[in-house]
Amino acid sequence: MTVTDYFLPGSLSEALDLLGAHGPSLMVMAGGTVAMPLVNDGISLPGKVMGLRHAGLDDLREEGGGLYIGATVTLTRLLRQRAVPMLSEAARSTASWSVRNMATVGGNLFTPPPGGDVAVALLALDASVTLAGPAGTRVVPLGAFHTGFMTNVLQDGELLTGLRVPAVAGDTAYLKFGRKAANTPSVVTVAVRVARRGDTVTDARIALGAAGPHPLRAGAAERALVGSTLGPEVIEAVAAVAAEESQPFSDGVASEWYRRRMVRLFVTRALERIRQGGEGR
Amino acid sequence: MASVIVNFELCGRDVEVLVQPMATLQSVLRNQLGHTATKEGCRQGGCGSCTVLVDGEPMLSCLLPVEDVAGRRVTTLEGITPIDGLDPIQEAFLESNGFQCGYCTPGMVMVTRALLDHDPQPGREAIVEAISGNLCRCTGYQPIIDAIEKAADRLSGSGEQTGER
Ligand SMILES: Cc1cc2nc3c(=O)[nH]c(=O)nc-3n(C[C@H](O)[C@H](O)[C@H](O)COP(=O)(O)OP(=O)(O)OC[C@H]3O[C@@H](n4cnc5c(N)ncnc54)[C@H](O)[C@@H]3O)c2cc1C
Ligand code: FES
Ligand code: FES
């Protein structure tokens with residue numbers, strides 16, 4: 001352990017001041033479920049660390065038909081909320097009980113693939129993130145947050161303070177496929193949302209996890225879906241487009257080859273679930 | 001590097017420790033406070049052998065800076081083991097052959113304690129889900145699940161339903 005200072009600021013302004021004073025060498029940590037294993041193993045050797053557990057970023061409230069989720073809300077609290085069932089489902093699919101009691105929603109956005117299972121659901125729900133820094137706060141759509149593998153638009157001196165999930169239309173389905181029934185890294189994670197007028201799809205989101213450098217939307221598949229009628233042939237065609245545009249990788253969990261096939265299968269299953277009744281939002 | 005003082009409640013008693021910055025709760029429990037039931041398996045959050053209860057909720061002490069539990073209530077296996085004899089959960093593990101080497105047992109028992117506090121009569125599925133973060137290399141899990149069912153049967157009625165995990 002190389003840590004000489006561990007700060008636990010009691011407010012956002014105190015946290016931002018510390019970040020400003022110490023600069024990018026100050027390691028930020030929320031639930032610690034990603035950061036601490038690296039420290040314990042000596043892969044990460046921080047000198048100064050700031051923990052966010054007491055920084056007051058843990059508001060969780062319904063807001064205008066949607067949800068405000070503070071960055072340090074734990075996955076257990078997200079699981080228990082009832083306003084947005086898909087987020088409860090996504091939390092339940094992530095890690096194990098004791099990890100969920102520590103892990104934060106904000107931290108999930110920083111977790112490299114095959115992690116990010118909650119972020120996948122948030123993408124399908126058009127969530128936006130609030131970033132606070134010395135110059136004030138800015139709001140960025142979650143779809144524009146990630147810029148690559150473990151990179152994002154967060155600037156030096158900024159913290160993620162929370163997420164907003166707006167009231168959105170349509171039916172949703174969330175499917176995470178791993179090699180075990182519970183507490184398992186993702187082979188592929190799929191979150192879809194489909195709005196229809198009559199039989200015609202008016203709006204669609206197809207978000208994928210473990211299928212690229214970060215959670216991403218299958219934009220071509222979404223465009224192929226909008227304007228059509230959700231039937232078996234359409235679903236098959238859309239799933240093929242999603243598989244084609246996905247950017248899976250090989251790791252200890254699954255190969256790129258297998259993941260691409262599972263993208264196709266699980267997008268099919270998710271859309272079938274919606275066709276046969278959906279989960280409600 | 002300057003040491004810091006941290007106060008918390010450990011198994012019903014107030015403790016004060018002088019620690020290195022960001023020392024894990026696990027290392028402080030084991031090396032400074034003699035609570036060695038809390039095991040050190042992976043230090044990665046992946047095995048559950050270091051599970052303790054913080055304000056009654058299971059957490060992994062290997063991932064928790066001890067400063068983060070200042071002022072909070074920490075319970076280890078030592079805290080639920082009576083001076084004489086065993087806790088009914090431990091009794092059930094013993095009767096059902098719920099352990100062989102015993103390395104996973106403290107973590108399993110702590111998760112069981114928290115599970116039965118939330119849900120005094122969990123089904124087998126809820127039990128499996130609850131212990132899914134706790135690895136056992138010996139038993140094949142079935143005897144552990146049996147033990148938790150047995151403990152639940154014996155204790156149910158005494159606990160209070162506090163809702164879903
Ligand atoms: C056993 C185990 C199983 C897991 N299983 C899964 C799984 O199935 N699916 C999955 O998606 N994840 C999984 N994870 C990963 C992890 O638990 C989650 O992704 C969790 O949500 C990360 O949140 P955290 O608060 O613990 O992150 P931390 O470790 O606290 O943060 C990681 C990094 O993110 C940055 N960061 C975090 N919060 C902020 C903020 N507010 N502002 C600025 N920067 C910030 C910091 O750079 C920090 O170092 C697992 C982890 C473990 C140990
Ligand atoms: S030692 Fe903490 S989870 Fe393995
Ligand atoms: S009894 Fe040996 S690890 Fe479970």
Side-chain angles (χ1 to χ4, degrees), chain A residues 1-10 27 29-55 72 74-77 79-82 88 91-103 107 115 178 180-185, chain B residues 1-4 6 19-27 40-72 107-108 110-112 114-115 118 125-135 162-165:
Chain A
M1 193 80 89
T2 50
V3 178
T4 57
D5 293 282
Y6 179 55
F7 303 104
L8 275 170
M27 188 180 105
M29 191 161 92
T33 63
V34 172
M36 280 298 283
L38 301 174
V39 173
N40 285 345
D41 257 10
I43 293 169
S44 163
L45 299 166
K48 294 172 182 174
V49 181
M50 176 165 79
L52 295 178
R53 270 209 176 85
H54 303 316
T72 64
T74 63
L75 297 189
T76 295
R77 286 178 64 205
L79 192 160
R80 287 187 191 153
Q81 60 76 35
R82 291 278 173 272
S88 183
R92 188 187 296 283
S93 308
T94 303
S96 64
W97 184 14
S98 34
V99 172
R100 289 193 294 268
N101 282 338
M102 308 174 74
K180 295 189 293 171
N183 188 19
T184 185
Chain B
M1 89 185 59
S3 295
V4 291
V6 179
V19 301
Q20 300 293 300
M22 215 171 89
T24 62
L25 177 60
Q26 174 184 57
S27 68
E40 188 181 282
C42 62
R43 294 161 77 230
Q44 295 289 299
C47 75
S49 71
C50 66
T51 308
V52 300
L53 307 185
V54 178
D55 293 337
E57 301 297 327
M59 293 195 190
L60 301 169
S61 60
C62 69
L63 302 184
L64 206 49
V66 65
E67 290 99 317
D68 285 39
V69 301
R72 300 180 72 179
M108 291 285 186
M110 296 319 286
V111 169
T112 303
L115 173 65
H118 281 280
E125 210 174 304
I127 294 172
V128 169
E129 158 61 29
I131 62 167
S132 71
N134 295 70
L135 299 187
T162 54
E164 192 184 4
R165 278 173 292 120

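So that the names make sense, note that chain A is the first sequence line, chain B the second, and so on, each numbered from 1.
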| Which members of residues 59-70 of chain B, sorted by number, sit under 4.5 angstrom from chain A on a heavy-atom basis? |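 Near chain A, by residue number: B:Met59, B:Leu60, B:Cys62, B:Leu63, B:Leu64, B:Pro65, B:Glu67, B:Asp68.
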| message | With chain B as the partner, which of A:His54, A:Met29, A:Arg53 has the greatest number of non-hydrogen pairs under 4.5 Å? | response |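 Top count of heavy-atom pairs under 4.5 Å with chain B: A:Arg53.
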| field | Contact winner vs chain B - A:Ala181, A:Ala95, A:Gly47, A:Pro37, heavy-atom pairs under 4.5 Å | value |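 Maximum pair count with chain B is reached by A:Pro37.
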| said: Between B:Glu129 and A:Lys180 (salt bridge meaning N to carboxylate O under 4.0 Å), is one present in this structure? | reply: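 Here B:Glu129 does not pair with A:Lys180 in a salt bridge, since their nearest N and O are not under 4.0 Å apart.
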| task | Determine whether A:Trp97 and B:Ile131 make a side-chain contact, defined as any pair of heavy atoms from C-beta on separated by less than 4.5 Å. | result |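 In short, these two side chains do not touch, never coming nearer than 4.5 Å.
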| said: So B:Met22 and A:Val39, do their side chains get closer than 4.5 Å, heavy atoms only? | reply: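 Side chain of A:Val39 against side chain of B:Met22, heavy atoms only: contact under 4.5 Å found.
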| Non-neighbouring partners of A:Phe7 that pass ring pair (Phe, Tyr, Trp, His ring centres under 6.0 Å), sequence neighbours left out |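 Residues passing ring pair (Phe, Tyr, Trp, His ring centres under 6.0 Å) with A:Phe7: A:His22.
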| field | B:Val54 versus chain A, the contacting section by heavy-atom distance below 4.5 Å | value |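 For B:Val54, no heavy atom lies under 4.5 Å from chain A.
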| message | If I compare all heavy atoms of B:Pro21 with all of A:Tyr6, which pair ends up nearest, and what's the gap? | response |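 B:Pro21 and A:Tyr6 have their closest heavy atoms at CB-N, 4.1 Å.
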| said: Tell me which of these, B:Ser27, B:Gly133, B:Pro58, B:Gly45, has more heavy-atom pairs under 4.5 Å with chain A than the rest. | reply: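 Ranked by contacts with chain A, first place is B:Pro58.
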| Can a donor-acceptor pair be found between the side chains of B:Gln44 and A:Asp41 at a distance below 3.5 Å? |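 Yes, side-chain donor-acceptor contact under 3.5 Å.
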| said: So for A:Asn101, is it side chain, backbone, both, or neither that comes closer than 4.5 Å to the heavy atoms of chain B? | reply: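 When you check distances to chain B, atoms from both the backbone and side chain of A:Asn101 fall under 4.5 Å.
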